[in-house]
Q: 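My questions will all concern the structure given below.
All values below come from the heavy atoms of this structure, side chains included, with hydrogens, waters and symmetry mates left out. Proteins come first, then strands; the chains are lettered A, B, ... in the order of their sequence lines, and each starts at number 1.
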Protein chains: 2
Amino acid sequence: MPRRTDTKERMLVIAVKMVNEEGWDSLNLHRLAKKLGIKTPSLYNHCKSLEQLRHQLIYKAHDELLEALRIAADGKAGKEAIISWAHAYRKYGKNNPGLLPAIAISTDNLPPLNWDDLPEKSANELFLNEAMRILKPFKLDENEMVHILRMLRSMVHGFVVLEQSAGFGLPQDSNESFTWMMDRFFEGIAQ
Amino acid sequence: MPRRTDTKERMLVIAVKMVNEEGWDSLNLHRLAKKLGIKTPSLYNHCKSLEQLRHQLIYKAHDELLEALRIAADGKAGKEAIISWAHAYRKYGKNNPGLLPAIAISTDNLPPLNWDDLPEKSANELFLNEAMRILKPFKLDENEMVHILRMLRSMVHGFVVLEQSAGFGLPQDSNESFTWMMDRFFEGIAQ
DNA sequence: TACTATAAGCTAATGATATTAGTTTAGTCA
DNA sequence: TGACTAAACTAATATCATTAGCTTATAGTA
């Protein structure tokens, strides 16, 4: 049998797929190995443990979300950027429901991966820098900046989580609710 | 050994404790049985499976949260009720971090427990009735009522989830952020 | 080209956990 | 008292995560 050199990458891709199809909890080395066409213990050449594999997924999710947000807000600022940012967040959550628990976990408290490469900038920090840039037009002091950021993220994250787990449990269109929510948000922060 | 008649109740209480101490995922029949002073298979006299035990916890969490919210808003209406309601939600989340995933899951999609008693009113429905009552003073049409409710719940739920999982990752006081957020919310919805 | 180190895989084995089947027995009620 | 039931038990099985130790492609180097 020929040796593959891309198993690490394929492992992550397939793990994300599994998690999105079956939920964050049901990640399982046995079936993961099967899908990769290798035996379970061979996975330990690519991760230290199931827990550490989850850590890898958390880092990956943060990276991807951050990148999606960066792209969404690129070249925009103020209200336009925030709207675009919020929609990108929601879209990422819709496309990656299994990773929602992952993006709620701060990578700051995780052991570093140093598994292969990684310059290891805190995803949280990057997230904040980007947000600060977007919020500049609103001319807020630093405290308000933090509050508004927490509000925005809470709002959007909460919405996506509840939407995905059918927590809303009502027939009304949730797209409309989302737009409505963002509008109220701007009315609230524009004094 | 004397037979106990309260094992079902103790099982739930201890399960909640375990979940709050170690996280929703780490619920484990082996240790649960140990804490109850019985052997693992004996648990099957009190639940159909680990999955069904989780369902019981979800129902319980919804009931408890709902009750806490009801008490918080009791005798109040409008802004005062909503503020009180939001703080009660946050408090419940703080005291029951392990149940946060549970309260995000709609019981509507769960198989009914019919395990012992249960009049089985949808917790979601109760939640909505209560909320509608509170929001009456704002004189909103039905659609707006739904939107505002979703916004409120998203905001508060998201805040609590991110706060608990250290997702905010900043030194600023989160109590202040919470109050700030609720203030902005009212400015947003008061037109 | 041959040699060697390493990476990626394997088998075998162990331990934790969920679950089922079948049995025992304490307490309840006719 | 006697029978029923609920709550417990033991024994056994299946699924997983994990470790140890072995094998062999492949890459890089002498």
Q: In this structure, how many angstroms lie between the C1' atom of C/dT20 and the NZ atom of B/K48, rounded?
A: 15 Å
Q: Between C/dT19, C/dC10, D/dT18, which one does the side chain of B/T40 approach most closely?
A: C/dT19
Q: Closest heavy-atom contact between B/E187 and A/G188?
A: OE1-O, 3.4 Å
Q: Out of B/Y89, B/F159, B/F185, which residue meets the ring-ring contact (aromatic ring centres under 6.0 Å, His included) rule with B/F178?
A: B/F159
Q: Give the rounded distance in Å between these two atoms: NZ of B/K8 and C1' of D/dA8.
A: 12 Å
Q: Among the nucleotides C/dT19, D/dA17, C/dA8, which one has an atom lying closest to any side-chain atom of A/N28?
A: D/dA17
Q: At under 4.0 Å between heavy atoms, what does B/T7 touch on the DNA or RNA strands: base, sugar-phosphate, or nothing?
A: sugar-phosphate
Q: Would you mind telling me which of C/dA18, D/dC9, D/dT18 lies closest to the side-chain atoms of B/L50?
A: C/dA18
Q: Do B/N45 and D/dA6 share a donor-acceptor pair, side chain to base, under 3.5 Å?
A: no
Q: What is the distance from CG of A/D6 to P of D/dT26, rounded to the nearest Å?
A: 13 Å
Q: Can you tell me the distance, in whole Å, between the CZ atom of B/R10 and the P atom of D/dA8?
A: 8 Å
Q: Please report the distance, rounded to the nearest Å, between CE in B/M11 and P in D/dA6.
A: 16 Å
Q: Using only atom types and a distance under 3.5 Å, with no angle test, would you say the side chain of A/S84 pairs donor to acceptor with the backbone of A/E80?
A: no
Q: Please state whether the rings of A/F186 and A/F138 are parallel, tilted or perpendicular, taking 30° and 60° as the class boundaries.
A: parallel
Q: According to a strict under-4.0 Å criterion, is A/H30 in side-chain N/O contact with OP1 or OP2 of D/dA14?
A: no
Q: What's the closest nucleotide to the A/L29 side chain, out of D/dT18, C/dT19, D/dA7?
A: D/dT18
Q: Once you round it to whole Å, what is the distance between C1' of C/dA7 and CD1 of A/I38?
A: 13 Å
Q: Just to confirm, is there a sub-4.0 Å distance from OP1 or OP2 of C/dG9 to any side-chain nitrogen or oxygen of A/H46?
A: yes
Q: Taking only side-chain nitrogens and oxygens of A/S42, does any of them come within less than 4.0 Å of OP1 or OP2 of C/dC10?
A: yes
Q: Taking atom C1' of C/dA18 as reference, at what distance in whole Å does atom CG of B/L53 sit?
A: 12 Å
Q: Quickly work out the B/L32 CG to C/dT19 P distance and round it to whole Å.
A: 12 Å
Q: Counting heavy atoms from C-beta on, name the nucleotide in C/dT19, C/dT17, D/dA17 closest to the side chain of A/Y44.
A: D/dA17
Q: B/P137 and B/G78: which non-hydrogen atoms are nearest, and at how many Å?
A: CG-N, 3.6 Å
